Amino acid sequence: MTELANIPELLASRIRDVADYPEPGVMFKDITPLLADPVAFTALTDTLAQAAAGTRATKVVGLEARGFILGAPVAVRAGLGFIPVRKAGKLPGATLSQAYDLEYGSAEIEVHAEDLAAGDRVLIVDDVLATGGTAEAAIQLIRRAGAEVCGLAVLMELGFLGGRARLEPILDGAPLEALLQV
């Protein structure tokens, strides 16, 4: 495990602000400098793996696409299986799907039907919690598969978008951990 005095400070120092991306007025939080720094990426992985251990998770679900980058090494470090939740039409074979609303339109996510089962305790991992729409759909999808959601862990939370208020009632007491608050 990484022994660093101030992990949140380290992580925040490796996130680059990109103004007006993907559209004017948006301040994009770019995590690629964090991923490129082995000390910061290891600290992030170790911290999220500790969160997984604290929830007694048996599997980690990563949400497309950056949730894959964060969730897979967390699963390996914690000794757990990794399950990708993808955009509709990206997984071969039998899938379960969940539609959800976006600000303008809708989207759909999928998981392989056989990857989750009753008795699985699932930690959802993603890079950012914004409005909570994708995470809410993932929670519904995991439960429909018969598994239990034992927590949600994200690198950063954009608090001004209200995702936590949306998700806490449906998490049924499972923890929502954000390493950074923006």
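Keep in mind that what you see is a predicted model, and the values were worked out from it rather than measured. Each residue takes its place number in the sequence, starting with 1.
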Peer 1: If I compare all heavy atoms of L80 with all of A57, which pair ends up nearest, and what's the gap?
Peer 2: CD2-O, 3.3 Å
Peer 1: Is there a side chain to side chain contact (heavy atoms under 4.5 Å, CB included) between L180 and I15? Walk through the geometry before answering.
Peer 2: CA-CA 11 Å; L180 302 173; I15 296 171; 3.5 Å; yes
Peer 1: Can you measure from CG (D17) to CG (D30) and round to the nearest 0.5 angstrom?
Peer 2: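 One gets 9.5 Å once the value is rounded to the nearest 0.5 Å.
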Peer 1: Please assess I31 against M156 for the test side chain to side chain contact (heavy atoms under 4.5 Å, CB included), listing each intermediate value before the final yes or no.
Peer 2: CA-CA 10 Å; I31 68 167; M156 71 184 117; 3.6 Å; yes
Peer 1: Once you round to the nearest 0.5 Å, how far does CD of Q50 lie from OG1 of T45?
Peer 2: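 Here the interatomic distance stands at 11.0 Å.
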Peer 1: Any sub-3.5 Å donor-acceptor pair from D20's side-chain atoms to G25's backbone N or O?
Peer 2: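 Answer holds: yes.
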Peer 1: Examine distances only and state if a side-chain atom of R121 and a backbone atom of R56 form a donor-acceptor pair shorter than 3.5 Å.
Peer 2: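 Pair found, side chain donor or acceptor close to backbone of R56.
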Peer 1: From D172 CG over to E148 CD, what is the distance, rounded to the nearest 0.5 angstrom?
Peer 2: 9.5 Å
Peer 1: Do F41 and I69 make a side-chain contact, defined as non-hydrogen atoms from C-beta onward lying under 4.5 Å apart?
Peer 2: yes
Peer 1: Side chains of L179 and I7: does their closest heavy-atom pair fall under 4.5 Å?
Peer 2: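 L179 vs I7: side chains apart.
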Peer 1: Side chain to side chain contact (heavy atoms under 4.5 Å, CB included), that's the test. Do L34 and L155 meet it? Break it down for me.
Peer 2: CA-CA 11 Å; L34 187 156; L155 168 57; 4.1 Å; yes
Peer 1: Would you compute the distance between atom CD of E110 and atom CZ of R86 and round it to the nearest 0.5 angstrom?
Peer 2: 9.5 Å
Peer 1: Any chance CD of E9 has more than 12 other-residue heavy atoms, nucleotides or ligands included, within less than 6.0 Å?
Peer 2: no
Peer 1: Checking the side chain of S13 only, and the main-chain atoms of L10 only, is there a donor and an acceptor separated by less than 3.5 Å?
Peer 2: yes
Peer 1: Under a 3.5 Å distance rule, please check whether Q98 uses its side chain to pair with a backbone N or O of A138 as donor and acceptor.
Peer 2: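 No; zero donor-acceptor contacts below 3.5 Å.
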Peer 1: Give a yes or no answer on whether the side chain of K59 reaches the backbone of D115 with a donor-acceptor pair at less than 3.5 Å.
Peer 2: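 Present.
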Peer 1: Using modelled atom types and a 3.5 Å cut-off, is there a donor and acceptor pairing between side-chain atoms of D120 and backbone atoms of V122?
Peer 2: no
Peer 1: So which atom in A43 and which in T47 form the shortest heavy-atom distance, rounded to 0.1 Å?
Peer 2: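 Closest heavy-atom pair between A43 and T47: O-OG1, 2.8 Å.
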Peer 1: What is the minimum heavy-atom distance between V26 and P22, and which atoms define it?
Peer 2: CG1-CD, 3.8 Å
Peer 1: If you round to the nearest 0.5 Å, how far is CZ of F68 from CG of D126?
Peer 2: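 If I round to the nearest 0.5 Å, the distance is 9.5 Å.
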Peer 1: Compare all side-chain heavy atoms of L48 with those of V60 and state whether any distance is below 4.5 angstrom.
Peer 2: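 No - every pair of side-chain heavy atoms lies 4.5 Å or more apart.
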Peer 1: Show your reasoning for whether side chain to side chain contact (heavy atoms under 4.5 Å, CB included) applies to L129 and L161.
Peer 2: CA-CA 9 Å; L129 173 60; L161 292 175; over 6 Å; no
Peer 1: Given the rule that I, L, V, M, F, W and Y join up when any side-chain heavy atoms are under 4.5 Å apart, are I109 and L96 in one cluster?
Peer 2: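 Same cluster: I109 reaches L96 through Ile, Leu, Val, Met, Phe, Trp or Tyr contacts under 4.5 Å.
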Peer 1: Under 4.5 Å between side-chain heavy atoms, hopping through other hydrophobics if needed: is there a path connecting L91 to L63?
Peer 2: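 L91 does not cluster with L63.
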Peer 1: Got V128 and K29 here, is their nearest side-chain heavy-atom distance under 4.5 Å?
Peer 2: no
Peer 1: Under 3.5 Å, is there a donor-acceptor pair between the side chain of E64 and the main chain of K87?
Peer 2: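 Flag set: sc E64 to bb K87 pair under 3.5 Å.
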Peer 1: Please determine whether residues V154 and I170 belong to a single hydrophobic cluster, defined as Ile, Leu, Val, Met, Phe, Trp and Tyr linked transitively by side-chain heavy-atom distances below 4.5 Å.
Peer 2: yes
Peer 1: In this structure, are over 12 heavy atoms from other groups packed under 6.0 Å from F28 atom CZ?
Peer 2: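 Counting other residues, nucleotides and ligands, CZ of F28 exceeds 12 neighbours.
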Peer 1: Determine the sole option in R164, R166, R143 for which the salt bridge (Lys or Arg N to Asp or Glu O under 4.0 Å) test with E136 is passed.
Peer 2: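 Single salt bridge (Lys or Arg N to Asp or Glu O under 4.0 Å) partner of E136 among R164, R166, R143: R166.
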Peer 1: Roughly how far apart are T131 OG1 and L167 CG, rounded to 0.5 Å?
Peer 2: 8.5 Å
Peer 1: Quick one: do I139 and L116 end up in the same hydrophobic cluster if we chain Ile, Leu, Val, Met, Phe, Trp and Tyr together by side-chain heavy atoms under 4.5 Å apart?
Peer 2: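 Looking at the clustering, L116 is in the same group as I139.
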Peer 1: Where is the tightest heavy-atom contact between L123 and A153, given as atom of each residue plus distance?
Peer 2: CD1-N, 4.0 Å
Peer 1: Which heavy atom of G62 sits nearest a heavy atom of F82, and at what distance?
Peer 2: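 In terms of heavy atoms, the two residues are closest at N-CE1, 3.5 Å.
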Peer 1: How close do C150 and P175 get, counting heavy atoms only, and between which atoms?
Peer 2: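 Answer, listing the atom of C150 first, then P175: O-CD, 3.3 Å.
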